[in-house]
Structures are given as C-alpha cells and as structure tokens.
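One structure below.
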Amino acid sequence: MQRADVLRNTLRRIDGAGYKAYKDIEGAYDFDDFVLIIDHVQGDPFAAPSRVRVRIPQRVAGFPEAAYRPKSREVALRDYITRIFAREAGRFQRPRATGKSGVISIDRPGQEILERTSCFVNDREVELRFTVGLPAFGRRIAGRIAQEMFFEDIPALVRRAGLYRSIQGRSLVEHLKTNEDADALRAELSKAGIVAFVADGAILPRESGVSQKPLSAGTVVPFESPPSLRVEFTLPNRGKITGMGIPHGVTLIVGGGYHGKSTLLNALEMGVYNHIPGDGREFCVTIPEAVKIRAEDGRRIEKVDISPFISHLPFGKDTTSFSTEDASGSTSQAANIIEALEAGAKLLFIDEDTSATNFMIRDHRMQELVSKDHEPITPFIDKVRLMLRDYGVSTVMVIGGSGDYFDVADRVVCLIEYRPYEVTAKAKEIAQRYRTDRRQEGGERFGMITPRVPLSESFDPSKGKREVKISPKGLTSIHFGTHEIDLGAVEQLASVSQTRAIGDAIYYATRYMDGRRPLAEILDRVMEDVAREGLDVLSPFPVGDYAAFRRFELAAAIDRLRTLKVRQLRESS
Ligand code: ADP
Ligand code: MG
C-alpha cells in the first residue's frame with residue numbers, strides 16, 4: 001500500500017490541471033491511524049461525487065465487543081456512527097469552488113434504524129463509506145483544497161465519528177439498547193400469539209405528512225392500552241414493558257373521523273422496522289411479515305390469479321391469469337393482496353382511506369339490487385376469515401364506515417380522542433341485534449394462490465451505452481434501464497437507500513430466474529444471499545448507500561416493472 005505522502009504529492013502535481021487528472025488519485029493510502037481508499041473518482045465537478053472509504057483498525061477505533069455483538073447492537077452501532085459522521089461532516093461544509101466541490105457526505109438515516117452499508121464494524125476494523133466532491137475551479141483541479149479535505153477534514157471526521165472514545169456515552173448506549181430491545185420484542189410476538197404491539201406511552205402521531213419526526217406541537221396523547229388487550233413483556237435491557245398486544249386474527253380499528261385511526265395503523269405498518277430513541281415508536285413493533293395493502297388504480301398487473309376476489313368479468317375476461325396495463329381500484333387491491341400472499345405475508349394492514357369501497361363492502365341492499373351473477377367482485381369481508389383459516393393470515397384494518405365487518409371480526413378497538421378502547425362485546429351484541437341479512441359470497445375456501453415464474457428476458461436494465469443503469473429517483477421510484485418503477489403506493493419503504501438496494505436486487509434476482517423457479521423462491525434466494533454476505537452482494541463495487549430492505553418491497557418492485565413477464569405454475573402443469 002502507498003503511503004499518504006504519495007497522495008499529497010499527486011495532489012500537488014495535478015493542482016491546476018484538467019479535472020480528468022484526478023483519476024490519478026484512485027487507490028489505497030496508509031494514513032497510520034487509518035487507511036483511505038479512493039474507489040472511484042467522479043468525471044467532472046458536477047457529476048455524482050467520488051466514492052471513498054476509510055478503514056480504522058480496532059487498535060485505534062477501540063470499540064468493545066459489547067458495542068457490536070450481538071447483531072442487534074452491531075446494526076445499531078453502525079447506524080449510530082453513520083449519524084454522527086453525517087452530523088460532523090455537515091460542519092465541514094463550506095463553499096468551496098465549483099459544483100459539488102468540497103462536500104463530504106454519508107448516507108443519512110431517518111427515524112428507522114436499518115442495517116446500512118455506510119458503516120461496518122467487526123473485530124478487525126471500522127469501515128466508513130462516504131462521498132467526496134473533489135474540488136475544482138471550473139474544470140481545473142483545486143489541489144490545495146483537496147489536500148485540506150484529505151489531510152485535515154477526513155482525519156478530523158475519523159477522530160470524531162470513528163473512535164469509541166469520541167462517541168461513547170449515554171446516547172450511544174441508549175441507541176444500542178433500544179434496538180436490541182425492539183428486536184427482542186419482535187421475536188417474542190409470534191410466541192405470544194400476537195401480531196403487533198404498541199407500548200404504553202408511545203407517541204404515534206407524526207409532525208406532518210412530510211415529516212416522520214414525532215408530533216410535538218399542541219396536545220399529544222400518549223398511547224394507553226385498553227386493559228383487556230394489555231400484555232406484558234420483559235426486554236433484555238429495559239425490563240418489563242406493557243402495551244396493547246393485537247392477537248392473531250381479524251382486528252378492526254373503528255372510531256370517528258380524526259380520532260387517530262390511520263395514525264395508529266401507520267405506526268403499526270412501520271413497526272416492521274426499529275426506531276431511534278426519542279421517535280415515540282421505539283416499542284411499537286409488528287411481526288416482520290406484515291404488509292400494507294391499498295388500492296392502486298393505474299398500476300400494471302401481470303398474470304395474477306385474482307379469482308379469489310374477482311371472477312366473471314364482462315366479456316369473459318380471465319381472472320385466474322389476470323393482466324392489465326391499467327388496473328381499477330378493486331382489481332389493483334385484489335392483486336396487491338394476492339401478490340403479498342404469494343411473497344409470504346402473514347399480516348395485512350388495510351385502511352378504508354386508501355381502499356376501494358366496492359372491494360371492501362357489498363351490503364344487503366346492494367346484494368338485492370345487483371345479483372351476484374352480475375358482480376365480479378367478492379368483497380374482502382367475505383374472504384377475510386377464509387384467508388385466516390386457509391393461510392393463517394391475520395388482518396388489522398381501519399373501518400369507520402361499515403358495521404357489517406362486526407360479523408367477521410375477532411376483536412374491535414375503538415379510538416376516542418386518540419385513546420383506544422376494546423369494544424368487541426358491544427360490537428358483537430349490536431351485530432346480533434341488528435342483523436345485516438347479507439349473504440356470504442365468499443364460498444367454502446379462500447382459493448388458490450397461484451405461483452408465478454418471472455421470466456428473466458423481461459428484465460432489461462440497459463440504457464443507451466450502459467449495460468446496467470439502475471437508480472432510485474426519490475423514495476418511491478426506480479429507474480430500471482429505460483423504465484420507471486412506480487412505488488408510490490408501496491407504503492412501507494422507509495429510506496431511499498432501501499429503494500436503491502431494491503433496484504439493484506431486482507437485477508441480482510434475475511440470476512435465479514431459470515424459467516422454472518417461482519417468485520417466492522427467487523425472493524428466498526436473494527434474501528438468503530443478502531443475509532449471508534451482506535448488501536454488498538448486490539453490487540460489483542462497494543456501495544455506501546444501501547439499506548436493508550424486505551422481501552415484500554422487492555416483490556412489490558418486481559410486480560410493478562411494466563415489462564415484467566411471468567408464467568403461471570399450475571398444479572396440473
Ligand atoms: P382518522 O384516521 O381517525 O381520521 P388520523 O389518524 O388521520 O384520524 O388523525 C387525525 C389527526 O390527529 C392527525 O393530524 C394526527 O396527527 C392527529 N393525531 C393522531 N393521534 C394523535 C395523538 N395521539 N395525539 C395527538 N394528535 C394525534
Ligand atoms: Mg383515517
């Protein structure tokens with residue numbers, strides 16, 4: 001490996017030269033206390049900034065094993081170091097020359113604690129991955145400023161964010177313990193027959209529609225569990241914790257408009273991830289196989305067997321292998337459910353706010369007016385219990401507008417001024433007293449979940465001269481080759497770094513598409529590889545801004561690729 005002086009000399013030599021001369025600094029340099037690796041140099045001052053890594057040996061970094069073992073703590077520590085680095089890097093931001101010159105930046109975590117490739121910690125070393133805007137005046141290399149960045153700023157950042165003695169303290173301990181407790185809690189849920197848990201005292205409302213920070217203005221009502229649903233767990237660090245445990249089964253969240261129903265559901269949805277201390281949802285935790293379902297008209301659907309919900313479309317259009325370029329509200333919601341089940345969902349979240357009414361309910365009077373032979377849709381109300389019985393899939397749904405659901409619910413939680421009350425007995429009594437007289441239209445079984453085999457030919461990530469061009473465009477969109485995948489209705493994405501990883505994971509997944517393997521197995525393979533080798537497996541070069549994602553969002557992205565072609569796997573074939 002070259003000494004750091006070699007880098008200094010190169011920067012002196014290329015000072016004032018054309019930007020391309022920066023290519024000469026790619027390589028690894030020994031800075032005594034750490035190794036600096038310049039992986040990729042940007043093409044010009046306005047291009048995506050240059051990718052850099054720093055490796056700090058543990059003899060210098062000094063992290064005790066208890067800070068990065070077991071895995072829950074490792075993930076939290078890496079997340080924490082990233083946050084400190086991001087904060088400190090912000091302090092070095094001074095206007096320097098042209099374009100992105102002089103900017104040092106690292107991935108920016110939000111409210112969730114996710115495994116990220118911005119930082120790694122093991123027995124040997126700490127590795128940080130970030131980007132550097134190599135400075136220039138116009139297109140001329142600003143070598144002096146570059147020297148400052150590499151020989152002053154980066155070493156200072158390493159000292160401030162990469163050493164145990166600089167970051168140790170209460171807030172780090174809190175971060176590690178919170179993450180460990182949340183993981184432990186999630187692992188306890190299934191054993192207790194519970195699909196979701198909200199701790200007493202949790203703060204669920206968010207600051208605004210565009211901010212995931214906790215609401216702090218005005219009166220915020222902390223969560224308080226109804227006694228009949230109160231459960232207690234013992235967490236490794238925090239000890240005893242109480243809160244509302246939602247059991248396996250069909251649960252309704254009812255209540256008047258603006259009483260906090262959607263807020264509770266949204267908190268449960270994001271409970272598949274852990275949250276940072278102070279978020280308010282640290283102990284709002286759901287089972288990992290929970291998927292939010294909503295209507296999504298306009299989406300494309302590729303050969304999904306939606307016959308459990310929809311059959312006999314006008315003009316005999318087939319619904320056992322249903323395709324469309326432009327789904328309706330009800331067909332999109334049906335497809336979203338079937339695809340979630342295909343990917344392995346065990347809990348569905350549904351909010352009436354984002355559902356198709358005719359998919360959710362069909363009341364007695366409508367059954368009288370429009371006979372079943374003329375209604376292709378079997379409403380969710382007639383399938384929700386069959387789905388539970390045949391596939392063991394629970395549902396938690398917000399329903400403020402239809403009491404018909406009382407007949408199919410295992411329990412009913414009513415929100416009044418943001419406080420939950422269990423009203424199951426009363427709802428059942430009302431259901432007895434005012435019978436709906438509607439006919440069950442769901443049949444004897446839920447119906448088949450027909451597996452689909454994605455065909456690799458239908459995935460083309462190339463664009464122009466580039467063989468592979470995949471990038472996220474914000475949180476909810478992926479450019480995949482010349483196509484755009486719209487994830488606007490995929491509500492459990494938490495970070496654009498997940499979106500980035502998912503985009504690359506789609507391409508990675510094609511290696512397992514052999515024309516025979518069904519999507520669920522392909523997801524298994526990809527997730528196994530990521531679990532075993534880390535997110536780095538998705539890229540030929542080290543990437544610093546991947547975050548861990550779930551199989552469900554990967555499946556959702558594949559399902560929404562407009563070129564997707566599949567073959568159905570039928571039992572007979
Ligand atoms: P609903 O779905 O029942 O119509 P929402 O969940 O959309 O109601 O909540 C309505 C408003 O109340 C939102 O602005 C939300 O931020 C706020 N809110 C929800 N829960 C609380 C709470 N516990 N404390 C204070 N405000 C809350
Ligand atoms: Mg609502």
Side-chain angles (χ1 to χ4, degrees), residues 110-112 196-227 229-230 241-246 250-272 275 278-286 290-297 329 333 336 347-361 380-381 384 395-406 409 411-424 426-427 488-492 494:
Q111 295 300 104
E112 285 77 21
F197 175 86
V198 187
D200 289 323
I203 302 298
L204 307 187
R206 299 294 98 189
E207 201 166 64
S208 74
V210 292
S211 162
Q212 284 296 303
K213 299 228 168 78
L215 180 67
S216 55
T219 318
V220 180
V221 180
F223 190 83
E224 200 188 311
S225 57
L229 291 174
R230 191 166 297 153
I241 188 169
T242 60
M244 179 172 80
I246 298 180
V250 178
T251 302
L252 307 184
I253 299 171
V254 305
Y258 221 68
H259 280 256
K261 302 184 298 296
S262 298
T263 301
L264 171 58
L265 195 77
N266 291 149
L268 295 175
E269 283 159 39
M270 296 316 269
V272 298
H275 292 93
D279 175 84
R281 300 169 296 181
E282 295 92 312
F283 302 107
C284 179
V285 165
T286 65
V291 179
K292 172 70 175 286
I293 298 294
R294 52 168 293 167
E296 189 183 352
D297 54 304
Q333 196 161 356
N336 285 351
L347 170 62
L348 304 185
F349 291 122
I350 299 181
D351 192 330
E352 62 183 354
D353 290 356
T354 49
S355 291
T357 308
N358 60 342
F359 180 79
M360 297 303 288
I361 48 176
F380 189 65
I381 189 170
V384 64
T395 304
V396 175
M397 57 176 143
V398 168
I399 287 278
S402 169
D404 285 6
Y405 267 93
F406 297 169
R411 69 203 62 77
V412 184
V413 174
C414 182
L415 286 177
I416 302 172
E417 291 173 341
Y418 316 130
R419 288 200 166 76
Y421 299 86
E422 189 182 359
V423 296
T424 310
K426 193 164 176 205
V490 179
E491 296 185 351
Q492 288 164 296

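In this text the structure is predicted, and so the values were computed from the model without any measurement. Just follow the structure's listing: the first ligand is 1, and inside any ligand the first atom is 1.
- For the pair Asp353 and ligand 1, the shortest N or O to N or O distance does not fall below 3.5 Å.
- Residues Ile416 and Cys414 have side chains in contact (heavy-atom distance under 4.5 Å, counting atoms from C-beta outward).
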Using side-chain contact (heavy atoms from CB on, under 4.5 Å), reason through Asp200 and Phe283 one step at a time and then give a plain yes or no.
CA-CA 9 Å; Asp200 289 323; Phe283 302 107; over 6 Å; no
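- Nearest-residue assignment for atom 19 (C) of ligand 1 (options Ile203, Thr219, Val254, Thr263; heavy-atom criterion): Thr263.
- Residues Arg230 and Thr242 bring no donor and acceptor atom of their side chains to less than 3.5 Å of each other.
- If you look at Tyr258 next to ligand 1, the close heavy atoms, those under 4.0 Å, come from the backbone and the side chain alike.
- The side-chain heavy atoms of Gln111 and Met270, taken from C-beta on, include no pair separated by under 4.5 Å.
- Each of the atoms 4 (O) of ligand 1 lies under 4.0 Å from some heavy atom of Gly257.
- Using a 4.0 Å cut-off between heavy atoms, His259 contacts ligand 1 through its backbone alone, with no side-chain atom that close.
- Atom CD of Glu224 is surrounded by 12 or fewer heavy atoms from other residues, nucleotides or ligands within 6.0 Å.
- In terms of protein heavy-atom proximity, atom 16 (O) of ligand 1 is nearest to Pro205 CB, 3.7 Å.
- Tested against Asp279 for a side chain to side chain contact (heavy atoms under 4.5 Å, CB included), the candidates Arg206, Lys213, Gln212 yield a single pass: Arg206.
- Residue-ligand proximity: Gly255 is placed with every non-hydrogen atom at 4.0 Å or more from ligand 1.
- Minimum heavy-atom separation, Tyr418 to Tyr258: CE2-O, 3.5 Å.
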Show the numbers, then the answer: is there a side-chain contact (heavy atoms from CB on, under 4.5 Å) between His259 and Glu417?
CA-CA 5 Å; His259 280 256; Glu417 291 173 341; 3.9 Å; yes
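- Atoms of ligand 1 lying under 4.0 Å from at least one heavy atom of Gly256, given by number and element, are 3 (O).
- In this model, a donor atom of one side chain and an acceptor atom of the other lie less than 3.5 Å apart for Asn266 and Glu269.
- Between the Mg ion (ligand 2) and the N, O or S atoms of Asp353, the shortest distance is to OD2.
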side-chain contact (heavy atoms from CB on, under 4.5 Å) evaluation trace for Lys292 with Asp351
CA-CA 9 Å; Lys292 172 70 175 286; Asp351 192 330; 4.3 Å; yes
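- Among the backbone and side-chain atoms of Tyr258, no N/O/S atom is found under 2.8 Å from the Mg ion (ligand 2).
- Of all protein heavy atoms, the one closest to atom 12 (O) of ligand 1 is Tyr418 OH, 3.1 Å.
- Looking at atom 24 (N) of ligand 1, its nearest protein heavy atom turns out to be Val221 N, 2.9 Å.
- Every atom of ligand 1 with a heavy atom of Val220 under 4.0 Å away is listed here by number and element: 24 (N), 25 (C).
- At the shortest separation from atom 8 (O) of ligand 1 among protein heavy atoms lies Gly260 N, 3.2 Å.
- The ligand atoms of ligand 1 that sit less than 4.0 angstrom from a heavy atom of Leu215 are 26 (N).
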